[in-house]
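Beneath this line is the structure, given in structure tokens, with notes to follow.
Per chain, numbering begins at 1; letters A, B, ... match sequence-line order.
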Protein chains: 2
Amino acid sequence: MSDAIGIKEIEAAAERLAGHARRTPLLSSPLLDEIAGRRVFVKAECLQHTGSFKFRGAWSAISNLPKKTRGVIAFSSGNHAQGVALAAQRHGLPAVIVMPQDAPQLKLANTAALGAEVVLYVRGKENRDEIGERLAEERGLTLIRPFDDPDVIAGQGTAGLEIAEQMAGEDVGALDVISCCGGGGLTSGIALALADRRPDWSVRTAEPENFDDVARSLETGEVQENPREDGSICDAIVTPRPGKLTFPILKRLCGPGLVATDEECLQAMAIAFLRLKIVLEPGGAAALAAALFRKDQIEGESVVVVASGGNVDPGLFASALQQYGR
Amino acid sequence: MSDAIGIKEIEAAAERLAGHARRTPLLSSPLLDEIAGRRVFVKAECLQHTGSFKFRGAWSAISNLPKKTRGVIAFSSGNHAQGVALAAQRHGLPAVIVMPQDAPQLKLANTAALGAEVVLYVRGKENRDEIGERLAEERGLTLIRPFDDPDVIAGQGTAGLEIAEQMAGEDVGALDVISCCGGGGLTSGIALALADRRPDWSVRTAEPENFDDVARSLETGEVQENPREDGSICDAIVTPRPGKLTFPILKRLCGPGLVATDEECLQAMAIAFLRLKIVLEPGGAAALAAALFRKDQIEGESVVVVASGGNVDPGLFASALQQYGR
């Protein structure tokens, strides 16, 4: 494993993922285009195995481990957890997942149902990295980091390869690719893939308002932190700061960061329900929300939006429909 | 146009649909398999343009019309309506759609939003066929029937070709393909396609309890009617009787019909939300409901379920989640 990540590593990850990860569809609707005021293509990663793009990076990393590996460990609020749990199970490896005790019920339950051992910690009080590293050492487990790992970034980048292929036949003019962004694994992977395949496109991040560490880091050119980690419904993409490996890539390849409020994410979830028939979680809807509600900050004639995940508790989804489903 | 429909007509429809209809994904989840007690593959036709398989048949029929066609007309509770509206719009043809006044709001609104002129009638009191035929004659429009049309059946059959291709790599043993069934256009098209591609598979219909005209017709070998047309939440697949063209095909090629209650359809919608991240309407969830809750009536080691549509009003979807989303 080296820190170098480029198109060759992403193509190698795509070969390892072939037949295991799902090639998710690129969806569209004339009624969605009308709201956005431009053509919108939605890369539906909520339809990936385990309900989010995280399965790509998990499979990429686990399929590249040495044969003597005894098991894996991961820390995650839920999507990376499920991705690692399923990828480990299919490789016949035990998995321990360290999760915040306030993670959505659905994510906790699914991670356990996929055969992983779930260890809970209190967000903001306990350091999940320390817990993960201690358990890894005690049990001889290999830590699968959620974004600061070249194999994980390369795995997420396979979504970018697919976008380039799936858009090949479309005559769409200047294009922005907007990706929901937490630690930056997905966005940096996609940016690397598209820097090779479509250097004419612009890659943009989307984050929750008040948890926009990447947008502020991109603006200032230096890593900025979020003042807190709790208080957003976009749990999937709230991280303390951009990753050490990912930020230099984002800084080199991405345009200015976009932001969406929690309310805008809920509204985007309702619109995706009505127009595309897919289920998005708030954090997975941030890029679509930016495309729909921050139109004046987007230059492309068309956008590809990465809808990164759909693991949302039913009560929250029902309330999004009740507020915005019309 | 002739009444003969076979694999050549379906293959020709597939050529006309290429690049216009979406090749919908075949989804699965280990957590879904666990509930069903066998492997389950879900052909997600809710992700088809306009949110249901109906776009296939509409495109197939409209793309095969003579050049002098002045416009089209259709009667539909909503999914055929939207399919015809969009296919006509993209062919530059005006469309008139005759819809029951109690059709789901979402379907009425979307049909109009796709540029069609919507004409309402009262279900059970007025005869939609007569209204449609009168308007067709008055305005010189070509009637696009929802299922009793060879081009429509051939178009729906393209879903069957895709299922055969998408399952090609899977080692699944004996297999039942279960399709939601109203007038029988989708099921007969799929049955014809699979009779050519996979004659070893069994094709089954799924209908709402108390509206199981096809199951009873298959059982008795003669066309049976439903005593009434209202009173089911599965509006998309409630028809008075099997079609004239479709029933002989169903009788020749399909196994015994399956049935699911409204409650089972709602539960299947919640499970599809949780496990697959797709939105199904009640009628579009009937086949999944049969796979999950009528296990002992299925013989295959695996099933392919056709999830035929996702055009459901938000309030009904939210109530399915509140009742069954856990």
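- Going from atom CZ of B:Phe317 over to atom NZ of A:Lys277 covers 10.0 Å, rounded to the nearest 0.5 Å.
- Annotation: the span from A:His49 atom NE2 to B:Leu27 atom CG amounts to 9.0 Å, rounded to 0.5 Å.
- Using a 4.5 Å cut-off on side-chain heavy atoms (C-beta onward), B:Leu47 and A:Ile278 make contact.
- Counting heavy-atom pairs closer than 4.5 Å to chain B, the top-ranked of the candidates A:Leu276, A:Asp313, A:Asn311 is A:Asn311.
- In this structure, the portions of B:Ser28 lying under 4.5 Å from any heavy atom of chain A include both its backbone and its side chain.
- Within 6.0 Å of the CD atom in A:Gln105, the count of heavy atoms belonging to other residues, nucleotides or ligands does not exceed 12.
- To the nearest 0.5 Å, atoms OG (A:Ser29) and CG (B:Leu114) are separated by 7.5 Å.
- Environment of CD in B:Gln323: crowded, with over 12 heavy atoms of neighbouring residues, nucleotides or ligands closer than 6.0 Å.
- Closest approach of B:Ala318 to A:Leu321, counting heavy atoms only: N-CD1, 4.2 Å.
- For B:Arg23, no part lies under 4.5 angstrom from a heavy atom of chain A.
- Of the listed residues (A:Thr24, A:Leu274, A:Leu31), the one with the most heavy-atom contacts under 4.5 Å to chain B is A:Leu31.
- Of all non-hydrogen atoms in A:Gly325 and B:Pro314, the two that sit nearest each other are O-CG, 3.0 Å.
- Side-chain atoms of A:Asn110 and B:Arg275, non-hydrogen and from C-beta on, do get closer than 4.5 Å to each other.
- For chain A, the nearby part of B:Leu26 is the backbone; its heavy atoms alone come within less than 4.5 Å.
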